[in-house]
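Inspection log for the structure reproduced underneath, given as structure tokens.
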Amino acid sequence: MTTLPPSLSPSRSQTTCASLLQELQIIWDEIGESDGERDKMLLELEQECLNIYRRKVEMTRKCKADLHNSLAQFESEIAKIVSSLGEHSFSFSRGKGTLKHQISYIRPVLEELRSKKKQRVKEFTETQSQIAKICAEIAGNGQSMMSSDPQVDERDLTVKKLGELKSHLQELQNEKIIRLQKVDSHISMIHELSVVMSFDFLKTVSGIHSSLIDSANGQSRSISNDTLAKLTGVVNSLQQEKQKRLQKLQCLGSTLIELWDLLDTPPDERKRFEHVTSLISSSVDEVLRQGSLGLDIIEQVDLQVQSLNVLKASKMKELVLKRQNELEEIYRGVHVDVNSDAARQILINLIESDNVDLSNLLSSMDDQIAKAKQEALSRKDILDKVDKWKHASEEEKWLDDYEKDENRYSAGRGVHKNLKRAEKARILVSKLPSIVEHLTAKVKAWELEKGIPFLYDKASLLDMLAEYTMLRQAREDEKRRSREQKRLQEQFAAEQEALFGSRPKKPLAQTNAMVGTPTSRRVSTPSGKHGVSNLKERRETGRVNNVIPLNFVALPKDDPMSRGN
């Protein structure tokens, strides 16, 4: 039980009251108060003292209730904070003793929990603020969202919830980094394309978003979906424009080269547009030089092409005739006959009539030249064999003339060389039948494939080969008859000598004049003009030579070289 302080003990209180009553009695005596009045006033004093005690008791009871209520509130707040923080391992007891002692024990615990909650709320606020800021930047309304703080749900301040928010924040930060990289990449690409095509880079980028140009005022670069979509659209548009301009320049460059070749433009003039012609074989990604695809470059090249086209039109007649010369030269080189005069006249009439597109005419002639080159290529193998045949035929003719020369073994200049040539010529002549046979097979295969006859300077090559074969066969027959006649003459001379003795021999020239010289006849070759009619005349001449004259005399035997032929 609580004891009253000494100043409020009953004995001391009574002594004090008694002293006050005595003093009051003295005052009343002096005043002259009646006993009734005195009793009344004493009763009032007693009632006032009781009321004061009652009020004090009531105040004490209320203080006790307030302490109980505060203690309950502290415990409830502690429970809520522990629950919101997720501190399930936290244990707490109010302790023992008076209410004030319990409150003094629980208050520091509550203050510590409040501080921890405040720190946790701060972390939540910062995390949610960053999340809201990045989300606003992605959404494109960052300025409006940055002015208001996010609302934190204080019912759930657990570490798990904070970890989820931080994980989400990390994802958003990664997304922001990726978006910034995309923005930087797009801006870099726009700058590269703008440099190549001479565009205003600042104007192009600032039209998308002002933050992409000047971020010195604290405003970060926009990473919103709308900004990324616009950047992607601008990049695609510029890439398409770059592709379009490159194709146009490549077309103009190819046209320039064609016109230069047609007009025989000197190298110094061509160097002025070397930066354009060098792009003909370049891909889009390889074109990086500053201003190489600018509109001024394209206009300059376009004007040059127009100027060359005007010059081309004025020189078209010369160019057409030059193409005709080239075409004729190709056909002439492979022994194909063309009517040059008629073709030239037709071309001149077409040019002067102004009823034909000269560019189309040149293109048509280029096609004819390409076709002529292809045809020449198909004839090359046969023509090579024709050249070999002609050479062998010429050697055969030379060999015939050589063997008719009675002085071919006489000492003199060039005899040794002629002997070597004659030896090689005999080897080559021996191969003539095989050469003609292979050439005939080649020509027949060519005609079967092409469906047209193989003409050699207007004449059918097969007919020429057939005629040559017939004439050569006739010549061989004449040689055999000549050798047989000579053998008979020698035999007859020997018999006459045995019967009548030797007689003086006539000169060889006289004898040859009497019996004729079959080897003096010529065999038709690709360059000859003889026909089949010559063969009939030579056959009749051969029959005449077979008759032995009445005044026949013995002739000397030919040397082994002539007999071997």
Side-chain angles (χ1 to χ4, degrees), residues 328-338 372-405 408 417-480 482 517-539 541-542 561-562 564-565:
E328 292 174 3
E329 193 64 31
I330 293 173
Y331 280 127
R332 192 178 300 113
V334 292
H335 297 274
V336 175
D337 182 68
V338 290
K373 288 180 179 179
Q374 186 176 1
E375 183 178 353
L377 186 62
S378 70
R379 295 168 61 94
K380 183 178 184 302
D381 189 30
I382 294 178
L383 292 175
D384 290 342
K385 295 186 181 306
V386 169
D387 291 339
K388 187 175 181 181
W389 170 44
K390 289 174 63 177
H391 174 66
S393 300
E394 290 172 357
E395 289 298 297
E396 182 183 33
K397 175 184 174 183
W398 178 87
L399 186 60
D400 286 344
D401 295 337
Y402 174 75
E403 290 179 346
K404 292 175 186 176
D405 185 5
R408 60 182 178 273
K417 291 183 179 179
N418 287 337
L419 285 173
K420 284 189 175 182
R421 180 178 177 181
E423 182 180 355
K424 292 181 180 179
R426 290 188 186 93
I427 297 173
L428 186 59
V429 168
S430 66
K431 297 179 180 179
L432 261 171
S434 174
I435 293 174
V436 172
E437 181 182 355
H438 289 165
L439 180 56
T440 303
K442 281 280 185 181
V443 174
K444 287 182 178 180
W446 187 92
E447 291 184 349
L448 182 62
E449 179 185 354
K450 302 294 183 180
I452 56 175
F454 191 100
L455 300 180
Y456 189 95
D457 293 335
K458 297 184 181 181
S460 170
L461 185 55
L462 282 180
D463 292 343
M464 294 168 63
L465 290 169
E467 179 184 357
Y468 171 79
T469 304
M470 292 173 61
L471 292 176
R472 193 170 191 276
Q473 184 62 41
R475 178 175 173 274
E476 293 296 326
D477 292 343
E478 290 176 358
K479 285 183 178 182
R480 282 195 298 272
S482 176
T517 54
T519 57
S520 62
R521 300 177 181 88
R522 296 290 179 260
V523 180
S524 176
T525 62
S527 60
K529 302 297 182 180
H530 300 288
V532 180
S533 59
N534 294 340
L535 180 61
K536 295 180 181 179
E537 296 176 1
R538 295 183 182 186
R539 286 178 179 172
T541 305
M561 296 296 292
S562 61
N565 191 37

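What you find for K385 and I435 is that their closest heavy atoms are O-CG2, 4.5 Å. Contact detail for R379 and H335: the closest heavy-atom pair is NH2-O, 3.7 Å. Shown here for A392 and L432, the closest heavy-atom pair between the two residues is CB-CD2, 3.5 Å.
Considering CD1 of I452 and CD of E447, their distance stands at 8.5 Å, rounded to 0.5 Å. Separating the CG atom in D387 from the CD1 atom in I382 is a distance of 12.0 Å, to the nearest 0.5 Å. To the nearest 0.5 Å, the span separating CD on E467 from CG on L471 amounts to 5.0 Å.
With respect to the salt-bridge test (charged N to carboxylate O, under 4.0 angstrom), the residues K388 and D384 do not qualify. A salt bridge links R332 with E329: the closest approach of a Lys/Arg side-chain nitrogen to an acidic carboxylate oxygen falls below 4.0 angstrom.
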Apply the test side chain to side chain contact (heavy atoms under 4.5 Å, CB included) to residues L428 and H391: give CA-CA distance (whole Å), side-chain angles for both, the deciding distance (0.1 Å), then the verdict. CA-CA 9 Å; L428 186 59; H391 174 66; 3.5 Å; yes
Tell me, with the steps shown, if L419 and Y402 meet side chain to side chain contact (heavy atoms under 4.5 Å, CB included). CA-CA 10 Å; L419 285 173; Y402 174 75; 3.2 Å; yes
Is there a salt bridge (charged side-chain N to carboxylate O under 4.0 Å, His left out) between E396 and R472 once you walk through the steps? CA-CA 10 Å; E396 182 183 33; R472 193 170 191 276; 3.0 Å; yes
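S434 places no side-chain N or O within 3.5 Å of a backbone atom of K431 that could act as its donor or acceptor partner.
Residues satisfying the side chain to side chain donor-acceptor pair (under 3.5 Å) test with E423, not counting sequence neighbours, are none. Every residue meeting the salt bridge (Lys or Arg N to Asp or Glu O under 4.0 Å) condition with E395, not counting sequence neighbours, appears here in chain and number order: R421.
Considering T440, L455, V443 in turn, V443 is the only one that fulfils the side chain to side chain contact (heavy atoms under 4.5 Å, CB included) rule with L461. Here the rule is side chain to side chain contact (heavy atoms under 4.5 Å, CB included) with Y456, and of L383, L465, V334 only L383 fits it.
Relative ring orientation between W389 and Y468 is described as perpendicular, the plane-to-plane angle rising above 60° on a 0-90° scale split at 30° and 60°.
Here the side chains of K373 and L377 are not in contact, with every heavy-atom distance at 4.5 Å or above. When side chains are defined from C-beta on, S378 counts as touching W446, because their heavy atoms get closer than 4.5 Å.
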